[in-house]
Structure formats: C-alpha cells, structure tokens
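One structure is given below, encoded as structure tokens.
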Amino acid sequence: LVLCIGLRLLTLGSYPLSDNTEARYAEIARIMMSGGDWINLHLPGDVVFWGKPPLSTWFSALGQLALGANEWGARLPMLVLAMMVTLIVWRWLRDSSSREAILGVAVLWGSAVFFVSAGAVMTDMALTFAVTLSIGGFWWAISGTTLTRVRLGALGFFVGLALGLLAKGPVALVLSLFPVGVHALSCRGAFRDVRSLPWMKGGLLVLGIAGPWYALAELRSPGFLEYFLVGEHWSRFTQPGWTGDLYGTAHEQARGIVWAYLAVGFLPWSLLLPWLLIGRRRAARRVAADTRSERSPDTALLVAWALTPALLFSASRNILWTYVLPAAPALAILAGRWLARDPRQRVVHGLAVAVRDAPGDDNGLGACRDLHGDGIEADVEVRAEGLRGGGLEAHGLSLHRGSVATAQDDVEFIAQHLVAHGFFKAGMFLGAGSVMHGMNDEVNMRKFGALRKFMPITAITFGLGYLA
C-alpha cells in the first residue's frame with residue numbers, strides 16, 4: 001500500500017498531461033492562477049467555460065500557484081483529495097477493526113479507476129471526496145455515540161453536499177442523497193435517524209457555501225445557469241451525440257456501458273473477488289456459529305452508494321469511464337469488510353503456517369490453530385521428526401512439502417498463489433533476459449529507452465507478468 005501511494009506521488013510530474021481532459025483542466029487552472037479570476041473559468045482566448053463548477057480548478061490553481069505551472073503543481077491537489085478520501089474510508093472501517101481498515105484502503109488504492117484518478121487533473125476526484133465526506137458524515141451523525149461525533153458528522157454531511165455542488169453540480173446531490181434515502185427505508189428506526197438531522201440549518205449551510213458562487217457566475221456571465229443546469233445535467237445524458245456542447249463533441253456510447261466501466265474501473269478486484277467465492281461457503285461452515293459475522297447496519301447504505309453512479313448513468317450515452325469513481329470508496333469498504341471476514345484469509349496471509357498435516361507426511365507442518373483477532377495469531381506445531389538430521393536441504397524440503405501439501409479445502413488458494421507466482425517470475429526472467437540479449441548483454445538501464453517500439457513481444461511478456 002505504501003509503495004502504491006508512493007509510486008503515485010513520485011510519478012506525478014514524470015510524464016506530460018496525458019489527454020484532452022487533463023490538458024483542458026490544467027490550462028483552465030493555469031489561467032485562473034495567472035489571471036486572478038477565481039469566479040469564472042476560462043479557456044485560452046478568454047472564452048468563458050460553463051461546463052463545470054470551480055472546486056477542482058481552485059485546488060489545481062492553488063497547486064500551480066505554490067509549485068509552478070507544471071504537471072506536478074496541477075496534479076498534486078488531486079492526490080491530496082485522494083488521501084482525504086482514503087482517510088475517511090480508513091476511519092469508517094477502523095470502527096470495526098484495523099484489519100478491515102487496512103484491507104479496505106488496500107482495495108481502494110488497488111482499483112484501477114482510483115489509482116489513475118489520484119494523479120489526474122479532472123473534476124471526478126473532487127466530486128468523490130465531496131460524496132465520501134457527505135455519506136461518511138451522515139453515517140457518523142446517526143451512529144455516533146457522543147454528541148461531538150454526532151455534530152461533526154452532521155456538519156460533514158452538509159459540507160460535503162455543498163462541496164459536491166461546487167465540484168460537479170446537482171448530480172452530487174443525487175449521488176449523496178439517494179443512498180441516504182435507501183438507508184432510511186432499509187430497516188426499522190432508520191427513517192427516524194434520518195429525520196433527526198438538522199435539515200433546515202444544514203440546508204441553509206449548503207446554500208451559504210455553494211450559493212454565492214452560482215449567483216456570481218451567473219451575474220458575471222449571463223446564461224451560465226441555463227447551460228449548466230439544463231444542458232450539462234439533462235441534455236448531455238439524454239440526447240445521444242448532443243450537439244449543444246460548446247466545448248467539444250459529445251461521445252455517443254451504448255446504453256448501460258457504465259456497468260462495464262464499473263467492472264473495468266474496479267479491476268483487478270472485479271475479477272479476484274468473484275473468484276474468492278469458490279469454497280467460501282464451505283469454509284464458513286467450518287467456523288463456529290457464534291463467530292460468524294452478522295449483517296452490518298450500514299450495508300444498505302454502502303450498497304446503494306456503490307450502485308448509484310451506475311444506476312444514474314445507465315440510460316446515458318454520453319459518459320466517461322471516470323464517472324464511476326464515486327462508487328470506489330463504497331466498494332472498497334464493502335470489499336475490505338468482506339475480505340476481513342473470510343475465514344480463509346488468515347490461511348492466505350499465513351501461507352507458510354496455515355496448513356494441516358499432509359496425509360502420510362510425518363515431516364509436514366502441524367495444524368494452524370487459534371486464528372482470531374485482528375491479526376494472524378497462529379500456533380504452529382512443527383514436528384521434531386521433521387527437523388532432525390538431514391541438514392538445511394532436508395529442512396527446506398520438509399517445509400516446502402508441508403506448505404504445498406495443504407488441506408483440500410484450501411488447495412484452490414495455494415494453486416492461485418503458485419500460478420500467479422509462476423507467471424510473474426517467468427515473465428520477469430524471460431523479459432529481462434530478452435532485453436539483455438537485445439542490448440548485447442548491456443545491463444545498465446540508464447542506457448535504455450523506447451524499447452517497446454523495437455521489442456513488442458518482450459513488452460507484452462512484461463505486461464503479462466505485471467498483471468500476474
């Protein structure tokens with residue numbers, strides 16, 4: 001996890017702005033920073049940009065003001081927002097256990113759409129932070145055990161709604177309030193909890209934070225509200241190939257493509273988690289009934305949060321794949337909790353010790369027992385017969401045989417580990433050997449560059465090893 005976040009941080013300024021979206025929003029932020037107009041967004045040529053509210057542009061402009069008009073300054077604020085989302089996810093799961101929190105954050109940063117967006121200049125990370133703050137604040141407001149926590153939660157809920165309006169407009173209200181409505185109908189007493197929020201004061205707070213910018217933007221550039229509220233929030237999503245776009249061409253997509261975007265954006269977890277369903281029920285039957293986890297009271301809220309972006313844009317044909325980003329925190333919380341409660345996970349994490357005696361093997365590892373709590377607490381019985389004589393080679397062979405010859409219930413996980421390890425190790429050696437031969441046995445990577453163009457098969461080999 002640390003390597004993943006560190007890699008994203010260190011590479012922020014190592015490559016140019018990657019596409020039209022990044023280039024557009026970085027340039028808008030640069031113009032804002034240099035021109036001093038923090039109300040209206042401008043494209044080159046003093047063209048007013050009505051397409052989006054200013055929150056992400058404010059952050060990016062501040063980054064360029066502090067670090068210069070470069071990729072690093074434009075992208076770093078997006079990473080800061082991603083870290084704030086990470087903190088909320090961590091705090092949500094930490095109330096249950098640190099294990100769930102670690103797994104949830106790892107899933108979040110391991111998902112493709114979040115990792116890419118954490119260093120991309122666009123509006124979606126600001127929207128995701130606002131939605132996460134709002135829903136997280138709502139949950140803490142209705143589940144808090146202290147008055148301070150309840151009040152801070154309610155404040156976070158309404159501030160998140162206001163920031164969402166400044167990040168991407170009224171769509172943020174749908175992304176935040178629809179899960180709240182689902183939760184209100186999900187169980188007895190939930191509706192009363194929702195009604196207990198200070199909706200009147202909170203609504204005034206939302207208007208007080210977001211309203212002034214909308215009013216000033218319309219006063220300085222008449223026509224903004226009509227274009228933004230009607231064109232960007234209705235026509236863009238209901239009219240295929242919408243021709244009213246003032247700043248580009250609407251991309252016509254197949255209806256329902258957002259679900260494919262959701263699956264792709266949550267890679268590799270969208271492939272790995274279904275695979276882990278194999279054997280889960282059988283393993284759960286081996287767990288004592290009093291240790292099985294009950295349904296969490298926030299499940300309906302999280303599921304609705306995770307599905308709302310896809311449901312909202314299912315009928316739309318003008319969307320981008322990053323529109324599913326607000327679902328990533330909810331999916332990470334659900335996945336982290338699900339992984340932490342899988343009884344086999346301790347076996348996976350403690351592969352070398354979570355085994356049982358192999359049939360007929362007196363030199364294997366003993367049974368793994370006392371697996372409980374947040375960590376992996378395993379008493380491993382290593383038979384003395386397996387460690388007597390034979391030297392280090394015999395000891396290593398004994399441990400290897402004991403690790404592979406595991407229980408039938410866990411064999412699929414051992415197989416997954418061995419296959420994945422084999423693929424990435426084979427890809428590493430084959431790819432590295434090919435490069436060394438291709439470079440006439442030169443191993444100084446500082447002298448390499450653009451080899452993908454000349455060695456495409458080797459590049460594919462490295463790619464497959466990376467995926468493995």
Side-chain angles (χ1 to χ4, degrees), residues 8 11-33 40-45 47-64 69-82 85 111-131 164 166-169 171-172 175 227-228 231-233 235-237 240-253 257-258 260-262 264-267 309-310 312-313 316-328:
R8 203 68 186 101
T11 59
L12 288 178
S14 62
Y15 56 95
L17 300 174
S18 58
D19 59 11
N20 294 338
T21 298
E22 268 208 311
R24 169 187 288 180
Y25 289 117
E27 178 64 8
I28 291 174
R30 187 197 65 79
I31 294 173
M32 175 180 286
M33 180 266 298
N40 291 116
L41 281 60
H42 294 270
L43 292 169
V47 177
V48 178
F49 181 69
W50 287 348
K52 294 292 185 294
L55 185 62
S56 62
T57 304
W58 285 342
F59 287 130
S60 190
L62 289 174
Q64 295 185 56
N70 51 51
E71 289 85 355
W72 180 265
R75 289 174 174 149
L76 183 60
M78 303 303 113
L79 182 63
V80 173
L81 290 174
V85 173
S111 60
V113 68
F114 191 84
F115 183 82
V116 171
S117 302
V121 188
M122 55 186 182
T123 61
D124 298 279
M125 186 56 74
L127 172 65
T128 300
F129 165 66
V131 172
L166 292 173
K168 215 159 187 177
V171 67
L175 295 174
Y227 175 84
F228 180 68
E232 289 286 341
H233 282 79
S235 301
R236 172 176 291 277
F237 301 113
W242 177 47
T243 59
D245 194 336
L246 299 179
Y247 312 104
T249 302
H251 301 286
E252 184 173 350
Q253 306 278 5
I257 192 67
V258 66
Y261 287 160
L262 184 63
V264 171
F266 203 54
L267 284 172
L312 178 62
F313 298 116
S316 174
R317 303 181 68 174
N318 297 317
I319 59 174
L320 300 174
W321 79 293
T322 53
Y323 284 11
V324 302
L325 181 62

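Predicted model, so just to flag it, every value in this text is computed and none were measured.
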[X] versus [Y]: any side-chain heavy-atom pair under 4.5 Å?
| X | Y | answer |
| --- | --- | --- |
| E27 | L43 | no |
| E71 | L12 | no |
| L166 | W58 | yes |
| V171 | F313 | yes |

Walk me through it: do E22 and R75 pass the test side chain to side chain contact (heavy atoms under 4.5 Å, CB included)? CA-CA 9 Å; E22 268 208 311; R75 289 174 174 149; 2.9 Å; yes
So, S60 side chain and A74 main chain: donor-acceptor pair closer than 3.5 Å or not?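 Present.
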Least distance between heavy atoms, [X] atom then [Y] atom:
| X | Y | value |
| --- | --- | --- |
| V116 | W321 | CG1-CZ2, 4.2 Å |
| P44 | I31 | N-CD1, 3.6 Å |
| F228 | G51 | CE1-O, 3.5 Å |
| H42 | V48 | CE1-CG2, 3.8 Å |
| L41 | P54 | CD1-CB, 3.6 Å |
| P53 | G169 | CG-N, 3.7 Å |

Mind checking whether Y227 and W50 have parallel, tilted or perpendicular rings, split at 30° and 60°?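 Geometry flag for W50 against Y227: tilted rings.
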Quick one: ring-ring contact (aromatic ring centres under 6.0 Å, His included) partners of F114, sequence neighbours excluded?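 F114 satisfies ring-ring contact (aromatic ring centres under 6.0 Å, His included) with W109 only.
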Partners meeting ring-ring contact (aromatic ring centres under 6.0 Å, His included) with F59 (sequence neighbours left out):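 Per chain and number, F59 pairs via ring-ring contact (aromatic ring centres under 6.0 Å, His included) with no residue.
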Hey, what do you get for [atom1] ([X]) to [atom2] ([Y]), rounding to the nearest 0.5 Å?
| X | Y | atom1 | atom2 | value |
| --- | --- | --- | --- | --- |
| L62 | M32 | CG | CE | 9.0 Å |
| F49 | I28 | CZ | CD1 | 4.5 Å |
| I257 | L262 | CD1 | CG | 11.5 Å |

Can you give each donor-acceptor pair under 3.5 Å made by side-chain atoms of residues 118-128, sequence neighbours left out, with the distance rounded to 0.1 Å?
{"from": "D124", "atom 1": "OD1", "to": "K168", "atom 2": "NZ", "distance (Å)": "2.7"}
{"from": "D124", "atom 1": "OD2", "to": "T322", "atom 2": "OG1", "distance (Å)": "3.1"}
{"from": "T128", "atom 1": "OG1", "to": "D124", "atom 2": "O", "distance (Å)": "2.8"}

